[in-house]
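Here the structure is laid out as structure tokens; the discussion comes afterwards.
This structure is a prediction, so every number in the text was calculated from the model and none was measured. Chain identifiers are assigned alphabetically (A, B, ...) following the order of the sequence lines, protein sequences preceding nucleic acid strands; residue numbering begins at 1 within each chain.
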Amino acid sequence: MPSIFDKPYEPKEHEENIYRIWEESGFFNPDKLPPPTARQAGNREKTFTIIMPPPNANGHLHAGHTLFITLEDIMTRFERMRGKKTLWIPGADHAGFETQIVYERELEKQGRSRFGMDPQKLYEEILTFTLENKKYMEADVRAMGASCDWSREKFTLDPEIIRETQRTFKQMFDDGLVYRGNRIINWCQKHQTSLSDVETEFREQNDPFYYIKYGPFTIATSRPETKFGDKYVVMHPKDERYKEYKDGQRLEVEWINGKITATVIKDEAIDMAFGTGVMTITPWHDAVDFEIAERHGLEKEQIIDWRGKLLPVAGEFAGMKIKEARSKIVEKLKEKGLLIKIDENYQHNVKVCYKCENLIEPQIKEQWFVKMKPLAKLAIDAVNDGKIKFIPENYKKIFLYWMENTIDWNISRQIVWGIPIPAKLCEKCGVGFPDLENKINKCPKCGGEAVADTDTFDTWFSSGQWPYLVLGYPDNKDFKTFYPTDIMETGHDLIFRWVPRMVIFGLYRAKIIPFHTVYLHGLVNDAKGKKMSKSKGNVINPLELSKKYGTDALRIGLIVGNTPGTDLALSEDRIRGYKNFANKIWNATRFVLMNSSDIDRSKKPEITVEDQKLLDELKMISEDVTTDMENFRFYLAAEKLYHYFWHAFADKIIEASKEKIKNEDKSIILSAKWTIFEILSISLKLLHPFMPFITEKIWQEMGNKKLLMVESWPATADKQK
RNA sequence: GCGCCCUUAGCUCAGUGGUAGAGCGUUCCAUUCACAUUGGAAAGGUCGGAGGUUCGAUACCUCCAGGGCGCACCA
């Protein structure tokens with residue numbers, strides 16, 4: 001059995017064992033916490049709850065996960081030591097779209113493809129794959145020292161989660177908040193699914209910009225291949241240049257494949273200053289055009305199919321891929337004398353899939369949508385009323401801006417890996433309606449045959465409900481005890497994807513905010529501050545750092561100086577420095593134990609004035625650190641403790657004690673020994689949330705019967721003392 | 001285009017209305033001492049630029065420059 005007298009400190013010899021002791025103690029479970037100490041009295045009635053953002057079950061943790069686990073564990077251990085009834089619930093995310101993509105790559109390696117596979121078989125394969133990988137993720141969470149309650153762990157595809165998610169859909173449909181609409185959506189041709197707006201990104205790109213003759217007008221476009229069906233020409237109603245053309249006026253124009261009849265439309269969406277101030281519209285493949293068409297009741301026609309090939313409307317170009325068709329169409333326009341000029345350096349933003357970075361093709365598709373305006377109102381009010389706080393505060397503004405400008409949310413996905421949308425669609429009249437029990441076969445409207453919707457929910461539709469679902473809403477007593485939760489700690493990149501959905505669903509379904517505080521951490525980048533990515537080859541594996549330098553060193557290295565919301569540059573040197581700190585704690589302890597084994601710790605001796613000053617000083621630091629922790633300034637608390645332990649306790653106090661214990665006056669010796677032992681004990685408690693393994697290990701070596709993780713926090717918090 | 005954030009020591013970053021700190025790195029010295037995963041010391045910054053508020057600004061305000069991030073109207 002490794003002990004304190006081995007040197008130096010070797011984290012990997014202790015960590016696994018310590019975690020096992022914690023887990024077997026049952027204290028991760030708030031129902032099994034020991035009775036409160038005198039200092040903790042009164043606090044055990046208060047709960048402290050964090051729902052862990054469930055890591056993807058499809059593989060190992062990455063650096064971002066280790067940061068959030070550390071932060072949440074710090075909060076949890078701190079509040080547990082303060083005596084609160086502390087619950088931190090772990091979870092595992094099926095991560096719909098993301099996992100399906102990961103599995104598609106697996107299939108590709110095997111020379112297979114999901115297209116053409118039986119959906120049920122594909123689902124089962126992905127499920128097997130995910131459950132297999134879930135173990136690795138969980139082992140990693142344990143390796144990080146997470147003091148979460150595994151007995152309450154939930155998977156996002158657990159039957160009760162699916163059931164309640166589907167019930168929410170039904171309830172929203174009944175309340176008129178979910179509707180089936182034929183609207184423009186983001187279509188990823190590679191993944192063959194629609195995506196919500198937060199699942200797309202903009203990419204800046206240079207493309208040729210074509211100026212084309214359209215009857216008496218000149219229009220400009222970067223996408224001539226979509227223009228076949230353009231029979232509406234739009235201009236601003238106040239544009240003097242075109243005042244001779246009246247709204248609704250018809251014109252005969254020569255177009256790509258011959259003569260067509262064009263209709264003039266006046267709409268204020270047109271920017272008079274851009275290009276020629278005139279454009280033709282393609283409502284099926286452009287969001288702005290779609291809106292214009294909706295406003296004026298115009299016809300819409302699909303030009304490009306779901307695989308990115310031109311449809312018969314393109315005449316001789318039908319069946320061609322976009323890229324091939326574009327140059328040929330331009331060639332033909334030139335021959336016909338319709339091409340006026342080409343601007344070769346046109347810079348614009350294009351929408352791409354956030355996963356594969358392929359171009360998004362806007363398409364009109366019949367999908368389920370959530371009506372956001374009334375729901376967003378609930379969230380806006382809750383935040384404006386101060387019911388939900390943001391750390392750092394400026395995210396409140398960002399959150400509100402997004403909520404105030406939100407648009408209806410497409411929740412249908414054409415992928416199998418997810419929660420099925422419990423709905424039926426009429427094959428005859430096209431109407432869609434929920435059917436939770438899967439019992440309805442006839443359309444209630446026209447009597448036509450109703451078939452099951454094969455789509456699944458957007459992952460965020462279910463993960464947005466996670467806080468109350470994981471607590472067993474509506475019937476479980478955990479929901480009544482622990483909801484609303486205290487903190488939602490997550491990455492600032494999820495400020496739109498996840499946080500607003502949780503607030504909305506919480507307020508809508510559970511009728512209460514899901515959490516009081518949103519703490520947003522920054523992203524973990526490489527040592528130079530560059531985003532980690534496999535293609536750049538700069539990915540740092542946190543678990544390797546943990547093995548090499550110890551989890552405690554990794555944890556405190558991630559925390560010191562890392563202010564909320566700010567991205568972190570993670571370098572190996574940084575972590576190595578904190579391994580030295582762990583060793584410092586180890587050696588200081590050895591000195592203290594070697595020099596205090598002969599004192600009776602149960603009897604406080606006379607303390608000299610000088611030693612009392614040291615204890616008072618530590619008391620002040622404890623209070624200061626506690627205030628920092630209460631205000632989420634972990635980066636400061638950690639740094640202060642580091643500094644105190646090393647440069648005050650080890651460098652000064654211990655050094656001075658060496659003289660004192662050589663004194664002839666026995667009472668001075670006794671006071672000195674008692675004091676350094678006391679300072680060590682208090683320091684270990686203060687350091688425990690940050691560096692749980694080594695502090696717990698030492699605590700046990702010091703002969704304490706109780707686990708440090710449930711000891712009392714040594715400062716003010718309880719002012720009754 | 002709009003919004004948010006950042007600019008402080010070689011690097012990564014804290015911080016405060018009274019002319020600056022940490023970690024890592026660098027240089028010099030020490031070493032049978034709990035610890036060489038160490039101790040002691042040192043070098044190193046006109047706190048992005050300009051203006052304003054103030055007795056006083058790195059900190060508060062305005063503008064400018066550079067960098068990062070986010071965003072559903074430029075065909």
Side-chain angles (χ1 to χ4, degrees), chain A residues 4-5 7-10 184 186 196-198 200-202 209-210 219-223 226-227 230 233-235 267-282 286-292 346-349 351 362 392 394-402 405-408 492-493 495-496 522-523 525-531 549-550 553 556-557 560-563 565-595 633 635-636 638-640 642-643 646-647 650-651 654-655 657-658 676:
Chain A
I4 196 78
F5 296 105
K7 60 175 185 177
Y9 176 62
E10 288 299 343
I184 196 139
N186 301 300
S196 70
D197 291 284
V198 292
T200 64
E201 282 170 2
F202 282 102
F209 199 48
Y210 306 96
I219 60 155
T221 183
S222 60
R223 298 202 59 191
T226 64
K227 295 282 154 196
D230 287 12
V233 58
V234 192
M235 58 214 75
D267 194 283
E268 300 195 343
I270 301 297
D271 179 356
M272 289 189 265
F274 184 82
T276 57
V278 182
M279 68 175 193
T280 61
I281 57 166
T282 314
D286 186 282
V288 180
D289 296 2
F290 177 83
E291 293 300 328
I292 293 172
Y346 172 62
Q347 201 176 57
H348 64 150
N349 290 328
K351 242 184 196 185
N394 63 301
Y395 278 93
K396 173 180 170 181
K397 218 176 192 177
I398 296 172
F399 178 90
L400 286 174
Y401 180 84
W402 193 79
N405 294 285
T406 185
I407 57 157
D408 286 359
H492 69 64
D493 53 327
I495 183 72
F496 301 138
L523 307 182
N525 295 321
D526 76 359
K528 289 175 187 148
K530 294 270 177 273
K531 195 169 176 173
Y549 302 108
I556 196 164
V560 172
N562 181 11
T563 48
T566 307
D567 293 351
L568 172 79
L570 177 62
S571 74
E572 192 162 334
D573 283 344
R574 190 187 171 103
I575 306 305
R576 185 156 38 80
Y578 291 105
K579 182 182 178 175
N580 297 349
F581 179 51
N583 197 50
K584 192 68 173 179
I585 299 173
W586 192 248
N587 281 304
T589 301
R590 198 157 54 184
F591 176 85
V592 171
L593 294 191
M594 280 166 67
N595 289 288
R633 294 189 296 256
Y635 61 99
L636 268 188
E639 190 179 343
K640 284 173 186 168
Y642 172 91
H643 210 261
W646 198 321
H647 301 298
D651 289 352
I654 285 185
E655 285 308 315
S657 78
K658 287 176 184 171
I676 55 170

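- Taking CG from A:Leu400 and CD1 from A:Ile398, the interatomic distance works out to 10.5 Å, rounded to the nearest 0.5 Å.
- Among the protein residues, A:Thr563 comes within range of the sugar-phosphate backbone only, with heavy atoms under 4.0 Å from sugar or phosphate atoms but none that close to a base.
- With B:rU12, B:rC35, B:rC71 as the candidates, the nucleotide lying closest to the side chain of A:Ala569 is B:rU12.
- Counting non-hydrogen atoms under 4.0 angstrom, A:Lys658 reaches a base of the nucleic acid.
- Pairing partner, B:rC69: B:rG3, with both Watson-Crick or wobble hydrogen-bond distances short of 3.5 Å.
- Between B:rA20 and B:rC47, the distance separating the two P atoms is 10 Å to the nearest Å.
- Between B:rU16 and B:rA59, the distance separating the two P atoms is 13 Å to the nearest Å.
- You'll find that the side chain of A:Asn583 is closest to B:rU37, out of B:rU37, B:rA34, B:rU12.
- Between A:Thr566 and B:rA14 there is a side-chain polar atom (N or O) within less than 4.0 angstrom of OP1 or OP2.
- Put simply, OH on A:Tyr642 is 6 Å from P on B:rG23, counting in whole angstrom units.
- Side-chain to base pairing of A:Glu291 with B:rA72: no donor and acceptor N or O lie closer than 3.5 Å to each other.
- Contacts of A:Ala527 with the nucleic acid, taken as non-hydrogen atoms under 4.0 Å apart, involve only primed sugar atoms and P, OP1 or OP2.
- The nearest whole Å value for the distance from the CG atom in A:Leu636 to the P atom in B:rG21 is 16 Å.
- Listed nucleotides B:rC4, B:rC74, B:rU12 differ in distance to A:Phe274; the shortest reach to its side chain belongs to B:rC74.
- At a threshold of 4.0 angstrom between heavy atoms, the contacts of A:Gly522 with the nucleic acid are absent.
- The CG atom of A:Leu568 lies 10.0 Å from the CG atom of A:Leu523; values are rounded to the nearest 0.5 Å.
- If you measure from atom NZ of A:Lys530 to atom C1' of B:rG68, you get 9 Å, rounded to the nearest angstrom.
- The pairing partner recorded for B:rG48 is B:rC64, the criterion being a Watson-Crick or G-U wobble arrangement whose two distances lie under 3.5 angstrom.
- Minimum atom distance to the side chain of A:Pro8 is reached by B:rU37, of the listed B:rU37, B:rC74, B:rU12.
- When heavy atoms are screened at a 4.0 angstrom cut-off, A:Asn562 is found touching no nucleic acid atom at all.
- Atom CD of A:Glu572 and atom P of B:rU37 are 16 Å apart (whole Å).
- For B:rG68, the OP1/OP2 oxygens have no side-chain nitrogen or oxygen of A:His492 closer than 4.0 Å.
- Annotation: the span from A:Phe581 atom CZ to A:Ile556 atom CD1 amounts to 5.5 Å, rounded to 0.5 Å.
- Taking atom CD1 on A:Ile654 and atom C1' on B:rG39, their separation rounds to 13 Å, with Å as the unit.
- Rounded to whole angstrom, the span from the CG atom of A:Asp526 across to the C1' atom of B:rC13 amounts to 15 Å.
- Taking a pair to require two hydrogen-bonding distances under 3.5 Å in either a Watson-Crick or a G-U wobble arrangement, B:rU12 pairs with B:rA22.
- What separates CG of A:Asn587 from P of B:rC35 is a distance of 6 Å, to the nearest Å.
- In this structure, A:Tyr578 has its ring center no closer than 6.0 Å to that of A:Tyr549.
- To the nearest whole angstrom, the two P atoms, one in B:rU19 and one in B:rU58, are 11 Å apart.
- Closest to the side chain of A:Glu639, out of B:rA72, B:rA14, B:rU37, is B:rA14.
- Closest to the A:Lys397 side chain, of the nucleotides B:rC71, B:rU12, B:rC4, is B:rC4.
- An OP1 or OP2 oxygen of B:rC35 is reached within less than 4.0 angstrom by no side-chain nitrogen or oxygen of A:Lys584.
- Nucleic acid contact class of A:Asn394 (heavy atoms, under 4.0 Å, all strands): sugar-phosphate only.
- Distance from the side chain of A:Lys579 is smallest to B:rU37 among B:rC35, B:rA22, B:rU37.
- A close approach under 4.0 Å does occur between a side-chain nitrogen or oxygen of A:Trp646 and OP1 or OP2 of B:rG39.
- In the set B:rC5, B:rU38, B:rA34, B:rU38 carries the atom at the smallest distance from any side-chain atom of A:Asn580.
- In this structure, the nucleotide among B:rA22, B:rA34, B:rC24 sitting nearest to the side chain of A:Ala650 is B:rA34.
- Shown here, B:rG39 forms a base pair with B:rC29; the pair counts as Watson-Crick or G-U wobble because both key distances fall under 3.5 Å.
- Using a 4.0 Å heavy-atom criterion, one finds that A:Asp573 contacts the sugar-phosphate atoms exclusively.
- Within the model, atoms OH of A:Tyr210 and OG1 of A:Thr221 stand 9.5 Å from one another, a figure rounded to the nearest 0.5 Å.
- A:Lys396 places its NZ atom 19 Å from the C1' atom of B:rG70, with the value rounded to the nearest Å.
- In this structure, A:Asp197 pairs ionically with A:Lys351, as a charged nitrogen and a carboxylate oxygen lie closer than 4.0 Å.
- The residue A:Thr221 sits close only to the backbone: its heavy atoms come under 4.0 Å of sugar-phosphate atoms, none of a base.
- Residue contacts for A:Ile495: at a heavy-atom cut-off of 4.0 Å it reaches no nucleic acid atom on any strand shown.
- Considering CG of A:Leu570 and NZ of A:Lys528, their distance stands at 14.0 Å, rounded to 0.5 Å.
- In the set B:rG15, B:rA34, B:rU37, the nucleotide with an atom closest to the side chain of A:Tyr635 is B:rG15.
- Here the shortest heavy-atom pairing between A:Ile676 and A:Ser657 reads CG2-CB, 4.0 Å.
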